[in-house]
Amino acid sequence: MTKKVRVRFAPSPTGGLHLGGVRTVLYNYLFAKHHGGEFIVRIEDTDQTRFVEGAEEYIFNTLEWCGLVPDESPKHGGQFAPYRQSERKESYRKYAEELVAKGLAYYAFDTAEELDAKRKETANFQYSHATRNAMNNSLVLEADETKKLLDANTPYVIRVKLEPHQEIKFTDLIRGEVHFDTTQVDDKVLLKADGMPTYHLAVVVDDYAMQISHAFRGEEWLPSAPVHIFLWDKLFGLENMPQWAHLPLILKPDGNGKLSKRDGDRLGFPVFAMDWKDPRTNEQTTGFKERGFLPEAFINMLAMLGWNSGSEQEIFTLDELIEKFSLERVHKGGAKFDFEKAKWFNHEWIKKLDVGSLKFEVEKLFATNNIIVHNTEKLDKVIAITKDRCTFINDFVQQASYFFKTPETVDIAAIQPKWDEKKHTFFSELVTVWESDFSADAMALEQQFKALAETQQIKAGELMLPLRVMLVGGKFGPGVFDIAVLIGKEETVNRIKNVLALLS
RNA sequence: GGAGCGUUGGUCAAGGGGUUAAGACACCUCCCUUUCACGGAGGAAUCACGGGUUCGAUUCCCGUACGCUCUACCA
């Protein structure tokens, strides 16, 4: 019988959630939902020195924006609560002690200074089978000496004791069988001097306690996997261990290496999912959301960075991703992040979504940009004819604001060089014509326009750009006559008059 | 230094013993559009290198190179 699928995303609340983190959540979520399982969020806050105010809340806000709702978490509750490791502190110690009792771990009294000195003295120093006998721990101390130190509340940590020349192997769902020789693995700290577990102990204990069936994490964890396997073996039995999958890394676009927030700042694109303000430095970092990304596009783009369905389809809804996702099709190698492609996904999604789905976001955007919309039916039409030319939600400001207010600046330079008296006369006449007879039909307006051009013996083509600039303010936007219809007679006429005045 | 992992066009990538080595992004050319986009057509790779195995290797095996990750009482 196979276990019920239960996966977990286990972030540390230390700052904004970056691309790689969100993708890890996504793959967890997709896998869980594909298999009808549960998606758990566990907060790994065992390092009190790195705790950052607001970071946990930020994580949940990000998940909500992305539409990746946990089944269990400190926020959503669940039968395995608490879901914050700091609140589970008491549960870890006994396992560490159990290992000590079995001779598989030991107390170490070395101070930070002593360890530093050791590292300086010997290059590539590792606390391991090769060196532990020269250190200050319960392996070299007499039993009563150890007891004395313990009784005197001497600070200590508990370290795993790995015997050399043992092979540890496991099957990674993405990479296949992975082997390690314990000779190369160091005696990792399991329990810190403050009584908190390190990641190594905490993942194992909590994954067991929370009945996690599959554990996915970034590739950077692969080298410490043998410690986790060892712990599982000795504490809970390999048969209960979750299946592992180590995800490929997301790399910086230029050069090599893991993508970092710094790269985004340097290259001009977001790395965090949403805006993040570091409470310690007050440094503000822009996120994909605020940059104008749709969550659908963000998720879609992330899913394709390291995975593909095997077909030519690239645009997927969350439901489609859930249906198609499989670990077998996740790449082994890291992927360089390409912001151009990310933009393409967003553009595709804006085109794909109907007006109703876009409207709320556009309204919010307009509100913050002081664009007043009186007529929501008009807004619908405006969104419909402009959305194809918006890559970001924020582009609607530039692409659509002139429908609701007179352009503040007009690109006079675009028409001035070829401007002459004849054109001036034409537009003056046009104003007169439209003032008396302005149709709500773009075709009709165009016909009037062309007829007038003909009687004045000017090529209509030479007049199109000036008209556009008069109405729009610049050289962009949908068909001019469609625009004229939407802004209406009064605005159309006034804008022409205004620019005419500017030109003379 | 050590260990682990990885390597198909600039980027994401399909494919996987015999193929004209898909597709997308970006880029360039052209068409459409009297704006800007959308859309359409076209353009680039002998699959890191060297050895095997094989009638045949980009695909399998072994090396090498290169890259990345880890090597904290951080995760």
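The structure presented is a predicted model; accordingly, all values stated were derived computationally and were not measured. Excluded from the calculations below are hydrogen atoms, water molecules and symmetry mates; all remaining heavy atoms, backbone and side chain alike, are included. A, B, ... follow the sequence lines: proteins, then strands. Residue 1 opens every chain.
Residue K343(A) is classed as having no contact, given no heavy-atom separation below 4.0 Å to the nucleic acid. At the heavy-atom level, V189(A) lies under 4.0 Å from the strands shown only through sugar-phosphate atoms. Backbone-only contact: G257(A) has heavy atoms under 4.0 Å from sugar-phosphate atoms and none from a base. Note on L251(A): nothing from the nucleic acid sits closer than 4.0 angstrom, heavy atoms only. Among the atoms of the strands shown, only primed sugar atoms or phosphate atoms (P, OP1, OP2) are found under 4.0 Å from some heavy atom of M304(A). S224(A) comes within contact range of no nucleotide atom at all, as no heavy-atom separation falls under 4.0 Å. When heavy atoms are screened at a 4.0 angstrom cut-off, K459(A) is found touching no nucleic acid atom at all.
Contact between the side-chain N/O atoms of R329(A) and the OP1/OP2 oxygens of rC12(B) is not found at any separation under 4.0 Å. Distances shown here put a side-chain N or O of H331(A) below 4.0 Å from the OP1 or OP2 atom of rA14(B). Put simply, N308(A) has a side-chain N or O that comes within less than 4.0 Å of OP1 or OP2 on rA14(B). Distances shorter than 4.0 Å separate none of the side-chain N or O atoms of K258(A) from OP1 or OP2 on rC5(B). Residue K341(A) has no polar side-chain atom (N or O) positioned under 4.0 Å from OP1 or OP2 of rA13(B). R50(A) has no side-chain polar atom (N or O) that falls below the 4.0 Å cut-off from OP1 or OP2 of rA75(B). Distances shorter than 4.0 Å separate some side-chain N or O of K351(A) from OP1 or OP2 on rG39(B). The shortest distance between the side-chain N/O atoms of T46(A) and the OP1/OP2 oxygens of rA75(B) is below 4.0 Å.
When the P atom is used for both rU20(B) and rC28(B), the distance is 32 Å, rounded to whole Å. If you take atom C1' in rC47(B) and the same atom in rA37(B), they sit 36 Å apart, rounded to whole Å. Here, rG23(B) and rG42(B) have their C1' atoms 16 Å apart, quoted to the whole Å.
Aromatic pair F272(A)/F288(A): ring centres not closer than 6.0 Å. No close placement of the F396(A) and F403(A) rings is indicated, their centers lying 6.0 Å or farther apart. Outside the 6.0 Å centre-distance limit, the rings of Y27(A) and W307(A) are not counted as a close aromatic pair.
Taking a 4.0 Å limit (strictly below) on heavy-atom distances, residues 168-181 of chain A reaches RNA chain B at R175(A), V178(A), H179(A), F180(A). Of the residues in residues 386-404 of chain A, those placing a heavy atom less than 4.0 Å from an atom of RNA chain B are D388(A), R389(A), in numerical order.
Residues R8(A) and N28(A) bring no donor and acceptor atom of their side chains to less than 3.5 Å of each other. Residues E114(A) and N136(A) bring no donor and acceptor atom of their side chains to less than 3.5 Å of each other. Side chain to side chain, T406(A) and E491(A) meet the donor-acceptor criterion of an N or O pair below 3.5 Å.
Distances from the side chain of R468(A) to the nucleotides rU35(B), rC70(B), rA37(B) place rU35(B) closest. Among the nucleotides rU71(B), rC25(B), rA37(B), the one closest to the side chain of Q126(A) is rU71(B). Checking rC38(B), rG10(B), rA75(B) against every side-chain atom of K192(A), the shortest atom distance belongs to rA75(B).
Both tests do not hold together for R389(A) against F476(A): distance to the six-membered ring centre under 6.0 Å, angle to the ring axis within 45°.
rU11(B) atom P lies 17 Å from atom CZ of F345(A), rounded to whole Å. K336(A) has its NZ atom 10 Å from the P atom of rC68(B), to the nearest Å.
rC31(B) adopts an anti glycosidic conformation, its chi angle falling more than 90° from 0.
Both Q184(A) and L191(A) lie near RNA chain B, and the one whose nearest nucleotide falls closer to the 5' end is Q184(A). Nearest-nucleotide positions on RNA chain B place L222(A) closer to the 5' end than the other of L222(A) and E312(A).
With both pairing distances under 3.5 Å, rG50(B) is matched to rC62(B) as a Watson-Crick or G-U wobble pair. Under the Watson-Crick or G-U wobble criterion, with both distances below 3.5 Å, rG16(B) has no partner in any strand shown. Checking rG56(B) for Watson-Crick or G-U wobble geometry (two distances, each under 3.5 Å) identifies no partner in any strand.
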(request) Decide yes or no on side chain to side chain contact (heavy atoms under 4.5 Å, CB included) for K341(A) and M304(A), but give the supporting numbers first. (result) CA-CA 10 Å; K341(A) 185 83 188 214; M304(A) 303 307 285; over 6 Å; no

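Of the charged side-chain nitrogens involved, none lies within less than 4.0 Å of a carboxylate oxygen, so that E348(A) and K352(A) do not count as a salt-bridged pair.
Side-chain contact between H18(A) and L259(A): absent, with no pair of heavy atoms (C-beta onward) separated by less than 4.5 Å.
Of the residues W344(A), F345(A), F339(A), the one that meets the side chain to side chain contact (heavy atoms under 4.5 Å, CB included) test with M301(A) is F345(A).
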